[in-house]
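Below you'll find the structure, written out as structure tokens, and then a few comments.
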Amino acid sequence: MPNNLPRRSAPEDTKRQSTYPIEPLFLQRWSPRAFHARPMPLTDLHTLLEAARWAPSAHNLQPWHFIVSRRGDAHWQHHLELLHPFNAAWASQASALLFLVSQAITSAHGDEPPQPSRTHSFDAGAAWAQLALQATALGYQAHAMAGIDFDRAPQALGIPDTHRLEIAVAIGRQAPADQLPPALRRRELPSVRRPLEEMVSTGVFNSPQAGSQGEPA
């Protein structure tokens, strides 16, 4: 692909640079594990959820649902215990924890019987992305994680059989990496991305063999 447009960079400390011009917010958003153990104002949390509310979805069904706890509330410890211990150790310093749920069985039209949705996870992912970007815009970072006890969590969270637990999200203000254990400090850097040419093809699918880039962030 030709590249004769000016690049845009995130702030210097992120070391990220886009190949084509995009809003810096997309480069500033990443997934740290070091958070300041501070409460989050409820108004800020509502702003993040409001951004997610305006995500696009098939038939405008908005099949996502967020189960929320804030640091120190009656649900906080219970939610931490539903994460894998590795995630719970660093997420315990966050300001809010969310579990993102999508409605897998739904009716696209009022008179039709409920049926499996093809897009519930896709739509919920759009809501997550908007929440994460709004978090960055407010000076927070949001880290999504699949390290959940999926055997226990759906029942513990009261999720009905028509819904699917997608992901957990820790949100907080980023703290210095030196508060993390040494093994995690080395990983506390914004990741890069594969070249655009490896993700896009014209006409038919054509994916070049690419090496692993490590875990997404």
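The model shown is predicted, which means the values in this text are computed figures rather than measured ones.
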Rounded distance (nearest 0.5 Å) linking atom CD of Q28 with atom CD of E23: 9.5 Å

Nearest atoms (heavy-atom pairs only) where W64 meets A127: CD2-CB, 3.6 Å

Tell me whether L48 is reachable from W54 by hopping between hydrophobic residues (I, L, V, M, F, W, Y) whose side-chain heavy atoms are closer than 4.5 Å. no

Here the side-chain hydrogen bond (donor to acceptor under 3.5 Å, both in side chains) pairs for residues 82-96, sequence neighbours left out, are N87-W90

Any chain of hydrophobic side-chain contacts (each under 4.5 Å) joining L184 to F35? yes

Same cluster (ILVMFWY, side-chain, under 4.5 Å), L98 and L165: no

Looking at F86, I'd like to know if its CZ atom is crowded, meaning that more than 12 non-hydrogen atoms belonging to other residues, nucleotides or ligands lie closer than 6.0 Å. yes

Going only through I, L, V, M, F, W and Y residues with side-chain contacts under 4.5 Å, is there a path from M145 to L100? no

side-chain hydrogen bond (donor to acceptor under 3.5 Å, both in side chains) filter on S121, not counting sequence neighbours, yields E166

Is the backbone of L27 close enough, under 3.5 Å, to the side chain of R16 for a donor and an acceptor to pair up by distance? yes

Between NE2 on residue H120 and CD1 on residue I105, distance to nearest 0.5 Å: 7.5 Å

What are the two closest non-hydrogen atoms of I148 and A168, and how far apart are they? CD1-N, 3.4 Å

Heavy atoms of I167 and A144 approach each other most closely as CG1-CB, 3.9 Å

Same cluster for L80 and F150 if Ile/Leu/Val/Met/Phe/Trp/Tyr side chains link at under 4.5 Å? yes

For the residue pair D44 and L138, what are the closest heavy atoms and their distance? O-CD1, 4.1 Å

Checking side-chain contact (heavy atoms from CB on, under 4.5 Å) for the pair I171/M40: CA distance, chi angles, key distance, verdict? CA-CA 9 Å; I171 306 170; M40 174 185 286; 3.5 Å; yes

Rounded to the nearest 0.5 angstrom, the CD-CD1 distance for Q103 and I159 is 12.5 Å

With sequence neighbours excluded, what pairs up with H79 under the ring pair (Phe, Tyr, Trp, His ring centres under 6.0 Å) test? F99

With rounding to the nearest 0.5 Å, note down the distance linking NE2 in H75 to CG in L157. 10.5 Å

Inter- and intrachain pairs under salt bridge (charged side-chain N to carboxylate O under 4.0 Å, His left out), touching residues 53-76, at least two apart: E50-R53

Strictly by side-chain hydrogen bond (donor to acceptor under 3.5 Å, both in side chains), give each pair with a member in residues 173-182 just once, sequence neighbours left out. Y140-R173

Qualifying side-chain hydrogen bond (donor to acceptor under 3.5 Å, both in side chains) pairs with a residue from residues 122-136, counting only residues at least two apart or across chains: T119-D123, T136-Q141

Side chains of S191 and R193: do they bring a donor and an acceptor to under 3.5 Å? yes

Closer than 3.5 angstrom, by distance alone: can the side chain of S31 be matched with the main-chain N or O of H143 as a donor-acceptor pair? no

Considering all heavy atoms of both residues, which atom of W76 and which atom of S69 are nearest to each other, and what is their separation? CE3-OG, 3.8 Å

Between the side chain of S102 and the main-chain N/O of A104, is any donor-acceptor distance below 3.5 Å? no

Which heavy atom in A153 sits nearest to a heavy atom in L82, and how many Å separate them? CA-CD2, 4.1 Å

